[in-house]
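Here the structure is a predicted model, which means the values were calculated and not measured. We're numbering straight along the sequence, starting at 1.
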Amino acid sequence: MKLLSPLIGQQAVVDGIRCQVIEILDTEPEPRLVVGEVAGHHVIQPDQHGEPHRRVERTFTLPLLNEDHSDIHPVIQTLAGDDRVAEMRRILKG
């Protein structure tokens with residue numbers, strides 16, 4: 001988690017969409033990153049009762065690892081940059 005914390009606020013363009021890391025979730029079996037669109041399409045956010053509440057940018061929750069758990073998720077690689085990705089890979093390999 002200490003390695004991921006500096007990613008909060010980090011921005012990158014992924015598939016033509018400017019994204020920013022909003023939060024790191026300490027979940028099992030692996031951490032997840034909440035990534036939000038910066039100045040993108042707005043969606044209606046419901047409240048706890050499912051009622052429309054407000055318009056917000058879209059968010060996505062991404063696992064740390066890709067689908068086959070062989071490497072860092074490609075979007076996270078883009079957001080983290082080469083040096084941090086290399087350090088993450090080193091830690092994951094133990």
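Among all heavy-atom pairs drawn from Ile76 and Leu64, the shortest one is CD1-CA, 3.7 Å. Summarising the geometry of Pro6 relative to Lys2, their closest heavy-atom pair is CD-O, 3.2 Å, with the distance given to 0.1 Å. Heavy-atom minimum distance, Leu4 versus Pro31: CD1-CB, 3.7 Å. Closest non-hydrogen pair, Pro63 versus His73, comes out as O-CB, 3.4 Å. Across all their heavy atoms, His69 and Leu65 have their closest contact at ND1-CD1, 3.7 Å. When all heavy atoms of Leu7 and Arg84 are compared, the closest pair comes out as CD2-CD, 3.6 Å.
In the hydrophobic cluster analysis, where Ile, Leu, Val, Met, Phe, Trp and Tyr join through side-chain heavy atoms closer than 4.5 angstrom, Val85 is grouped together with Val14.
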Mind listing the side-chain donor-acceptor pairs of residues 87-94 below 3.5 Å, one per line with the distance, residues two or more places apart or on another chain?
unit_1	atom_1	unit_2	atom_2	d
Arg89	NE	Asp71	OD1	2.8
Arg89	NH2	Asp71	OD1	3.4
Arg89	NH2	Asp71	OD2	2.9
Arg89	NH2	Gln77	OE1	3.2

For this session: Could you walk me through whether Asp26 and Arg32 pass side chain to side chain contact (heavy atoms under 4.5 Å, CB included), step by step?
Result: CA-CA 7 Å; Asp26 189 10; Arg32 300 177 81 77; over 6 Å; no
For this session: Given side chain to side chain contact (heavy atoms under 4.5 Å, CB included), test Thr59 with Val35 step by step and report yes or no.
Result: CA-CA 6 Å; Thr59 59; Val35 177; over 6 Å; no
For this session: Quick one: do Ile22 and Ile8 satisfy side chain to side chain contact (heavy atoms under 4.5 Å, CB included)? Show the steps, please.
Result: CA-CA 6 Å; Ile22 298 170; Ile8 295 175; over 6 Å; no
For this session: Take Leu79 and Val75 through the test side chain to side chain contact (heavy atoms under 4.5 Å, CB included) and record every step on the way to the result.
Result: CA-CA 6 Å; Leu79 288 161; Val75 172; 4.0 Å; yes
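Judged by distance alone, the side chain of Glu37 and the main-chain N or O of Cys19 form no donor-acceptor pair under 3.5 Å.
Here Asp68 pairs with Asn66, Ser70 under the side chain to side chain donor-acceptor pair (under 3.5 Å) rule; sequence neighbours left out. Judged as a side chain to side chain contact (heavy atoms under 4.5 Å, CB included), and not counting sequence neighbours, the contacts of Glu51 are Asp47, His49. By the side chain to side chain contact (heavy atoms under 4.5 Å, CB included) test, Glu23 is found to be paired with Leu25, Val34, residues two or more places apart in sequence or in another chain being considered.
Sorted by first and then second residue, the salt bridge (Lys or Arg N to Asp or Glu O under 4.0 Å) pairs involving residues 5-18 (not counting sequence neighbours) form an empty list.
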